[in-house]
**Q** 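One structure follows; several queries about it will come next.
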Number of protein chains: 2
Amino acid sequence: MAKQALAEFARPLTTVDVAIFTVAHDALQVLLVQRPEAPGEPFPGRWALPGGFVDVDRDPDLRSCALRKLKEKTGVASPYLEQLGSWGSAARDPRGWSATHAYFALVSREPLALKAGGNAPDARWFAVGEAGELRLAFDHAEILAAALSRLRSKVEYTSLPAFVLPREFTLSELQRTYEIVLGRSLEKSAFRTRVLAARLVQPIGKTRQGPNRPAQMYRLRDPRAPVFFARTFNPR
Amino acid sequence: MAKQALAEFARPLTTVDVAIFTVAHDALQVLLVQRPEAPGEPFPGRWALPGGFVDVDRDPDLRSCALRKLKEKTGVASPYLEQLGSWGSAARDPRGWSATHAYFALVSREPLALKAGGNAPDARWFAVGEAGELRLAFDHAEILAAALSRLRSKVEYTSLPAFVLPREFTLSELQRTYEIVLGRSLEKSAFRTRVLAARLVQPIGKTRQGPNRPAQMYRLRDPRAPVFFARTFNPR
DNA sequence: GTAATAGTGTCTATCAGACACTATGGT
DNA sequence: ACCATAGTGTCTGATAGACACTATTAC
């Protein structure tokens, strides 16, 4: 069969890694896991993006593999999940030539309080600032930087931040989320005009009660697909 | 779950494929190669994107592998080359679970006339319309569609079309290239204002002579990096 | 001169930013 | 009444599109 021709090629290791983001405590957070200390394991004890080998028996395709790893760590089944890119080289893993397929995911912090700690005691949320100082395993610092770069640039012209909010939210909460991810403040009036004109959200009947004027609550018009704006926010 | 020994994981096949585009004869063209007819080869005789197995002895990393394949087919050494994404599943290759790292490249048609045919007699340029009707090998139809989609959407807000032109060109030629890739016409005055305001190009002394008024010639200000515009062209 | 393409100017529409203003709840 | 946050209106500036206009070459 074709096996003979194939045998000429040594096969690289194949993994999937996921940069999982949420917004909590007024900061963009990324989920990291600690590498095992077992002998033979590379980067023992270091923090890394959640991920691991593709399991050719369990994973029908790459996206399923990423979803499986996401579910194992967070319990979230249907997040915003986007392919980020792939990193492959002879040098990135001491065990040999390896290629990883990197994804990035946005999850609402709401259902997370339950799982974090319980299911995966080696997993922890880090504010992205802290994570940047950790000397991550493999080339995960580079992958995380690429994920942050992709996220921050897409926030300028898409509805991505809406995916870290619970299903119902106010426009002020949405704006605050944009500001946290962008790292700069936005003008309220322009923000609302833009979001409403793009028909990104639709009002539901309810209002959020608080110590002051109640706010209209909204929901994404299409929770599956992000919206793209024709213009970016202007740089300050 | 406890960490598995490395040997327990069957390794997927690892390949790199490149969608190589240029503009010629008033059309966007993509380079395809014909699959070999040898026994045991999947999709014999079908057209496919140029690509193949990562060679862990020759390729230090994925990008180098893509550049090698590009060079083999076109002779071009320093094109615009961008990672497109990866496709991996149990089903896409009859030889087993496989993952491909897809790139897309933009090359100037100028140095190509030489190589096309000579170096790789199984390689041919197809207008993307024709290519769409070919029933390509593997999932290459899907990959090509993704490359086209990425290219067309980036053309709305980047300087990518400039990379299929020779080093010196006129603004009319640049505009015509945009129009071919976008599939719609653009307004001359707005186009020129936009391109010049973005400082994408710089005039060189020369003019292009012709049967009518000569045109100023330009060169990319930074031939390595694309320029991003803050706004897209408005939809027609 | 004419034909043909290069290149400019003027007007309008759209939308982000700035900023002041009004609205509505709790206390 | 006062505070805090929700939400609106009005003005300005940047830039894309439409379209007419001028400029410069070959013939």
Side-chain angles (χ1 to χ4, degrees), chain A residues 26 153 155-159 161 165 168-180 182-219 227-236, chain B residues 26 153 155-159 161 165 168-180 182-219 227-236:
Chain A
D26 271 356
S153 74
V155 166
E156 298 278 356
Y157 60 92
T158 69
S159 61
L165 290 174
E168 300 178 351
F169 51 84
T170 69
L171 289 189
S172 296
E173 290 165 348
L174 182 60
Q175 179 175 349
R176 185 77 195 112
T177 306
Y178 268 87
E179 291 173 338
I180 288 167
L182 282 172
R184 69 175 197 266
S185 59
L186 296 171
E187 207 283 322
K188 180 169 55 166
S189 172
F191 179 82
R192 300 171 85 93
T193 308
R194 179 179 163 113
V195 164
L196 294 174
R199 300 176 50 83
L200 195 160
V201 295
Q202 63 188 154
I204 60 181
K206 289 188 277 184
T207 54
R208 157 132 325 149
Q209 302 298 331
N212 31 46
R213 177 173 173 175
Q216 180 60 236
M217 301 210 67
Y218 293 83
R219 176 182 299 161
V227 171
F228 290 75
F229 303 105
R231 299 168 61 168
T232 63
F233 292 107
N234 286 0
R236 207 188 357 202
Chain B
D26 273 355
S153 75
V155 165
E156 298 279 356
Y157 60 93
T158 69
S159 61
L165 290 174
E168 299 178 352
F169 51 85
T170 69
L171 289 190
S172 295
E173 290 166 348
L174 182 59
Q175 180 176 348
R176 185 77 194 108
T177 306
Y178 267 86
E179 291 173 337
I180 288 167
L182 282 172
R184 70 176 196 267
S185 60
L186 297 171
E187 207 283 322
K188 179 168 56 165
S189 172
F191 179 81
R192 299 171 84 92
T193 309
R194 180 182 164 109
V195 164
L196 294 174
R199 299 176 52 82
L200 194 160
V201 295
Q202 63 190 154
I204 61 182
K206 289 187 275 185
T207 54
R208 155 131 328 145
Q209 301 297 329
N212 32 45
R213 175 173 174 176
Q216 180 59 237
M217 301 211 64
Y218 293 83
R219 177 182 296 161
V227 171
F228 290 75
F229 303 105
R231 298 169 62 167
T232 63
F233 293 106
N234 285 1
R236 199 178 22 177

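All values below were derived from every heavy atom in this structure, side-chain atoms included, with hydrogens, water molecules and symmetry-related copies excluded. Chain identifiers are assigned alphabetically (A, B, ...) following the order of the sequence lines, protein sequences preceding nucleic acid strands; residue numbering begins at 1 within each chain.
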**Q** Tell me whether the OP1 or OP2 atom of C:dA16 has a side-chain N or O from A:R194 closer than 4.0 Å.
**A** yes
**Q** Can you check the A:R231 CZ to D:dG13 P distance for me, whole Å?
**A**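 Rounded to the whole Å, the gap is 15 Å.
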**Q** Counting only side-chain heavy atoms from C-beta out, which of C:dG17, C:dG7, D:dA14 sits nearest to A:E187?
**A**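 Among the listed nucleotides, the one closest to the side chain of A:E187 is C:dG17.
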**Q** Run the side-chain hydrogen bond (donor to acceptor under 3.5 Å, both in side chains) test on B:Q209 and B:T207 for me, step by step, so that the C-alpha distance in whole Å, both residues' side-chain angles and the decisive distance to 0.1 Å come before the verdict.
**A** CA-CA 6 Å; B:Q209 301 297 329; B:T207 54; 3.1 Å; yes
**Q** Enumerate the residues from residues 168-176 of chain B whose closest heavy atom to DNA chain D is under 4.0 Å, giving them by residue number; use none for an empty result.
**A**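 Of all residues in residues 168-176 of chain B, none places a heavy atom under 4.0 Å from DNA chain D.
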**Q** Report which part of the nucleic acid B:A215 touches: base, sugar-phosphate, or nothing (heavy-atom distance under 4.0 Å, all strands).
**A** sugar-phosphate
**Q** Kindly say whether A:E187 contributes a backbone atom to a donor-acceptor pair with the side chain of A:R192 at under 3.5 angstrom?
**A** no
**Q** Send over the distance from A:R184 CZ to C:dG17 C1', rounded to a whole Å.
**A** 11 Å
**Q** Measure from CZ on B:R208 to C1' on C:dG7 and round the result to the nearest Å.
**A** 17 Å
**Q** Once rounded to the nearest 0.5 Å, what's the spacing between atom CD of B:Q216 and atom OG of B:S172?
**A** 11.5 Å
**Q** Treating A:Q175 as the side-chain partner and A:L186 as the backbone partner, does any N or O pair qualify as donor plus acceptor under 3.5 Å?
**A** yes
**Q** Return the value, rounded to whole Å, for the distance between atom CG of B:L196 and atom C1' of D:dA16.
**A** 15 Å
**Q** Would B:R231 count as a cation-pi partner of A:Y157, with NZ or CZ less than 6.0 Å from the six-membered ring centre and within 45° of the ring normal?
**A** no
**Q** Distance check needed: D:dA18 P versus B:F233 CZ, whole Å only.
**A**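 Checked: the CZ to P distance equals 13 Å.
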**Q** Side chain of A:S189, heavy atoms from C-beta onward: which of D:dC19, C:dA18, C:dG7 has the nearest atom to it?
**A** C:dA18
**Q** Out of curiosity, B:R219 CZ to B:L165 CG, how far, rounded to the nearest 0.5 Å?
**A**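 Rounded to the nearest 0.5 Å, the CZ-CG separation comes to 13.5 Å.
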**Q** Rounded to the nearest Å, what distance is computed from the CZ atom of residue B:F191 to the P atom of nucleotide C:dT8?
**A** 14 Å
**Q** Starting from P on C:dA6, measure out to NZ on B:K206 and report it in whole angstrom.
**A**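 After rounding, the reported distance stands at 17 Å.
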**Q** For B:A190 and for A:A190, find the nucleotide of DNA chain D with the closest heavy atom, then tell me which residue's nucleotide is more 5'.
**A** A:A190
**Q** Checking A:E156 side chain against A:S153 main chain: does a donor-acceptor pair fall under 3.5 Å?
**A**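 Checked: no pair found.
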**Q** Nearest whole angstrom, please: distance from the P of C:dG9 to the CZ of B:R192.
**A** 12 Å
**Q** On the ring face of B:Y178, is B:R184 found with NZ or CZ under 6.0 Å from the centre and within 45° of the axis?
**A** no
**Q** If a protein heavy atom is under 4.0 Å from the base, mark B; if only from the sugar-phosphate, S; if neither, -; do that for nucleotides 21-27 of chain C going 5' to 3'.
**A** --BBBS-
**Q** Would you confirm whether the ring centroid of A:Y218 sits within less than 6.0 angstrom of the ring centroid of A:F169?
**A**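 No - the distance between ring centres of A:F169 and A:Y218 does not fall below the 6.0 Å cut-off.
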